[in-house]
Structures are given as C-alpha cells and as structure tokens.
Amino acid sequence: MPSEEDSISFEKSNMTIDSNEIETDNDSESDPNRVKDFVVTPWEVEGDIDYSKLIEKFGTRAIDDTLIEKIKNFTGEIHPFLKNKYFFSHRDLDVVLDEYKRGNKFYLYTGRGPSGLVHLGHLMPWLFTKYLQEKFNVNLIFQLTDDEKFLFNSNLDMEAIQKYTYENILDIISIGFDPKRTKIIVDTKHIKYLYPLSIEIAKKITYSTAKAVFGFSNSSNIGMIGFPPVQGAPCFLPSIFENKPTPVLIPAAIDQDPYWRVTRDVAEKLGYPKPAQIHSKFIPGLTSLGKMSSSRPETALFTVDEPEILETKIKNTFTGGQPTIALQRKLGGNANICPVYWYLNYLFDTEKESQERYNDCTGGNLLCGECKGDMIKKVKPFIKDIQIKRDKAQNLIKDFMIDGKDFFEDDNTGFN
Ligand code: TRP
C-alpha cells in the first residue's frame, strides 16, 4: 500500500519524489523483512543473501554502468568498490550528483552502532566514505548510535557501550577523515543536536508504519520503537546547518535501509530533501555466511588484534576449497563462497590479481593455504598501520566531536 502523501512536490529543491517506499502491512505481526533463506534487518543479517532479491524487496535501484560512468565524471576513475559491486544499490544517487553539478553540495552521513570492536568489515564503507569526502570535498556527519545498541541488546550495559564508543571513535579517526569537514555525533552525549529534528520525524511516523518497516512486536521495548527518528535526524541536520535545503548522501550497508525508507517518507512533509543512499553488501564472516560479526569474535579480524591472532584466525577460516588436495586439484575450489577470496578481492588484490586468483582457484591450480598465506601477508601490515593511527587518534578526538569537547570531558551542570 503506498503511503498517504504520494506526490507533494518539494518546494525548496528540485529533488524528485517517489514515495512508494514503504509498504505498510498493518495487520501482520510477522517480521516483514524475512525472506526465505536469508534475513536482513538493521539488527540481524543471516543466511545466503541474494542481493538482487534484496533490491527488489527493499525497492532500491541497482548501480548500473550508466550510473558508474556518471560517478566517474566527477571522480575521474571507477573506485574498486563500484567495479566489484561491493556498493551495488542506491536511492537517488543520480539526483544528488545532478544537484552537485548545479553547485548544490551534499553532505555525507554515515554511522556506527558501537556494540563491539571494529573489524575489517566495518572499515570498508568508511574507506569509501573517506574517498567520497575527498573527491567531492564535502562535509560528513558520523553518528554513533550508543542509545540504539543499549536498547536493542539485552546483554550490553551502558558502561560496555561507552567503552566501545570510545574505541570505535579511534578507529573512525584512524581512517583519515578531514577533521575540518567531519563531525562525530554520539547520541547520548550530543542528543541536543538531534532531538528537535527527531521529534519532528517521530510525530509523522505511526506505530503501524514502524511495525511494518522494522518488524516491531508487542514484546519490543518502547525505546526501540522510539529510536528510528534518532537515526533519521542527521539526514536533515545539514539543512539546519546550512540554513537551506541540503542534499545528504548516506553510504551504508543495505541492512540500514529501513531507517532511510521511513526518513525519506517524511522528508518532504517536513520540508527537507529526501536523503539519498549508496548501499554496500556485507563482508562475509570468516567461518560462515552472513555478515562478519563482532559478537562472534572468531569470525572477525579486529583492528586491535595482535598479528599472531590475525594469523591464527585466518588459518582457521572457512574457505571454498575441497576437503583434500587431490580433490582441489581435480575439481577446483568455489571462490564465490570463499571469504578469503572475497577479502582479498575487496581490500587487497588488484582487479587483475583477483581474476587470476579466481581462475587458478576454480581451475584447481591454487590451494587454500596459498590464498590464506597471501591474506596473512596483506592483513598484518594493513592492521598495523591502523593501530599506529589509532594511537595518535586519542589526541584528535576534540577536533572531530560536534561539540568540540573531548570524549571524557563532561558537560558542566552548574552544580559542584
Ligand atoms: N544503526 C547503525 C548500526 O547499527 C549505525 C548508524 C547510525 C548508521 N547512523 C547511520 C549506519 C548512518 C550507516 C549510516 O551500525
């Protein structure tokens, strides 16, 4: 069912409107985000994900060659994450680029739920975000949803979340975002920047819409139900900062799309441009399909892992190889389902190297031990470099925080 207000044109900008983004299924108590064989919600990603089905289900658009060429017009090259379809889907990316060409600069907005340590999978969208910041010379809002992680994880208390928030901020800074053009928002610390916008958003979303989009049920705590506008608010903050309707582009993994669906649906009712998105896939875990997860440490390579730990994890990883060397030589491996292949493809191999690796693996000329060895060789210095930058980041936090304060610097209450 289309949402109520289908086509009010947005007066203050020429962003297009396509408001069929929310299917409300008011009577159903079942989770609408469950598709057979795999499940993708902002809080759960499991199974063998069929990304073209997700595009259909979520109603997003594939990033096709025409759009890639259009991006190239601005960047002068095609980023490997576009070439290899790690970023594969979007909403209104073309519109944002057209606006940019007309001189209407966008803001980037991305975020992190600080429920654990940062692993290689988290860095990928951030590296791409940094690339976009550099190429387009634009501002970035980086939100840490510590409130979300508190509300949605029964086993996490605020003390643990605060520790992860701090550690995650070091990772974010170590990516190399431009401090003059980047502002970090930690929800529980900086809610005053978001609160006025989030109540505007909240007022326009009914419980039945929230239920249909996020799969809330009678047993969801009411904090969860009230949270989505807090993640929506940064989409409109740039318009407040700039004092004019300002486009926003969100690089994020596609599991976050439900948030943008509801935010887009209310945007024009509130007088803001609809936020645009560029969606990534998930990076595979080391032992299973689905996404690499901080809550299963053996499936993730953390930025704080010591070299020996990285090596052990990679050695123990699941691959697409055959059970014996003889069979591998005879039948070849299955690179498509192999996390080692994909890690190397996404982060370390050139296009040519990756193609050769694929052919050698599937043709039976390459053994898993060799790929694991390559991966260990590449991952160790990569993580080492991040660790050096993380150490330096401790002194840079103030430069990045939206209020210009250090992480542990408390607000003055006036009471002593
Ligand atoms: N909800 C996200 C998570 O759990 C964090 C987040 C907040 C985010 N705002 C965002 C992610 C914007 C991407 C883009 O990880």
Side-chain angles (χ1 to χ4, degrees), residues 33 40-45 58 60 86-87 89-93 96 106-130 132-133 139-153 156 161 164-165 167-169 171-172 175 177 182-191 193-194 197-198 201 210 213-215 223-238 248-264 274-283 290-295 300 402:
N33 298 304
V40 175
T41 75
W43 311 289
E44 190 187 5
V45 176
F58 282 4
T60 65
Y86 171 61
F87 278 91
S89 153
H90 78 107
R91 291 182 190 274
D92 282 354
L93 175 56
V96 165
F106 58 88
Y107 271 54
L108 290 161
Y109 161 39
T110 194
R112 155 90 184 137
S115 56
L117 295 169
V118 159
H119 59 61
L120 269 195
H122 299 127
L123 300 180
M124 293 175 42
W126 303 353
L127 290 166
F128 190 69
T129 304
K130 181 198 166 205
L132 293 176
Q133 178 176 56
N139 293 333
L140 163 67
I141 294 177
F142 206 122
Q143 180 182 39
L144 283 118
T145 49
D146 54 346
D147 49 350
E148 177 190 22
K149 294 300 139 177
F150 177 70
L151 291 165
F152 284 83
N153 293 297
L156 277 178
I161 292 173
Y164 290 135
T165 306
E167 293 293 327
N168 292 179
I169 288 173
D171 290 300
I172 292 162
I175 292 287
F177 294 112
T182 304
K183 291 295 159 227
I184 293 176
I185 295 178
V186 177
D187 286 351
T188 62
K189 284 184 184 297
H190 305 131
I191 194 62
Y193 297 91
L194 304 178
L197 280 169
S198 70
I201 299 169
V213 174
F214 295 101
M224 291 161 76
I225 296 156
F227 172 74
V230 177
Q231 184 158 329
C235 299
F236 304 147
L237 207 48
V248 166
L249 174 64
I250 309 171
I254 191 150
D255 60 340
Q256 298 299 305
D257 188 68
Y259 285 114
W260 322 131
R261 237 177 286 153
V262 290
T263 311
R264 284 170 64 85
K274 287 184 175 195
Q277 285 92 52
I278 177 160
H279 300 118
S280 77
K281 296 178 180 169
F282 312 111
I283 195 162
K291 72 175 177 179
M292 195 187 251
S293 167
S294 314
S295 53
I402 193 158

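Here, residue 1 is the first one in the sequence, and each next residue gets the next number. Both counts, for ligands and for their atoms, begin at 1 and track the order of listing.
Close N/O approach between Thr110 and ligand 1 is not found [any backbone or side-chain N/O within under 3.5 Å]. Below 3.5 Å of separation, one finds no N or O of Tyr259 facing any N or O of ligand 1. Checked against a 3.5 angstrom limit, the closest N/O atoms of Gln143 and ligand 1 fall inside it. Checked by distance only, ligand 1 and Trp260 stay at 3.5 Å or farther apart across all their nitrogen or oxygen atoms. Taking only nitrogen or oxygen atoms, main chain and side chain alike, Ala252 does not reach within less than 3.5 Å of ligand 1.
Protein heavy atom closest to atom 3 (C) of ligand 1, with residue, atom name and distance, is Gly113 N, 3.4 Å. Of all protein heavy atoms, the one closest to atom 2 (C) of ligand 1 is Gln256 OE1, 3.2 Å. Counting only heavy atoms of the protein, atom 4 (O) of ligand 1 lies nearest to Lys149 NZ, 3.0 Å.
Every atom of ligand 1 is numbered from 1 in the order shown, and the set under 4.0 Å from a heavy atom of Gln231 is 1 (N), 2 (C), 6 (C), 7 (C), 8 (C), 9 (N), 10 (C).
Classified by interplanar angle (parallel below 30°, tilted 30° to 60°, perpendicular above 60°), the ring pair Trp126/His122 is parallel. Classified by interplanar angle (parallel below 30°, tilted 30° to 60°, perpendicular above 60°), the ring pair Phe227/Phe152 is perpendicular.
By the criterion of a heavy-atom distance under 4.0 Å, the side chain of Ile250, and not its backbone, is placed next to ligand 1.
Electrostatic pairing of Arg112 and Asp171 does not count as a salt bridge here, judged by no charged N lying under 4.0 Å from a carboxylate O.
Judged purely by distance below 3.5 Å, without hydrogens or angles, the side chains of Tyr259 and Glu148 pair a donor atom with an acceptor atom.
The six-membered or imidazole ring of Tyr86 lies away from that of Phe128, with a centre-to-centre distance of 6.0 Å or more.
For the side chain to side chain contact (heavy atoms under 4.5 Å, CB included) criterion with Pro114, the lone passing option out of Leu156, Val186, Ile161 is Ile161. Between Phe236 and the options Leu194, Val248, Ile201, a side chain to side chain contact (heavy atoms under 4.5 Å, CB included) holds for only Ile201.
With Phe58 as the aromatic partner, Arg261 meets the cation-pi criteria of under 6.0 angstrom to the ring centre and within 45 degrees of the ring axis.
Looking at Ser280, Pro275, Pro251, Gly111, it is Gly111 that brings a heavy atom closest to atom 11 (C) of ligand 1.
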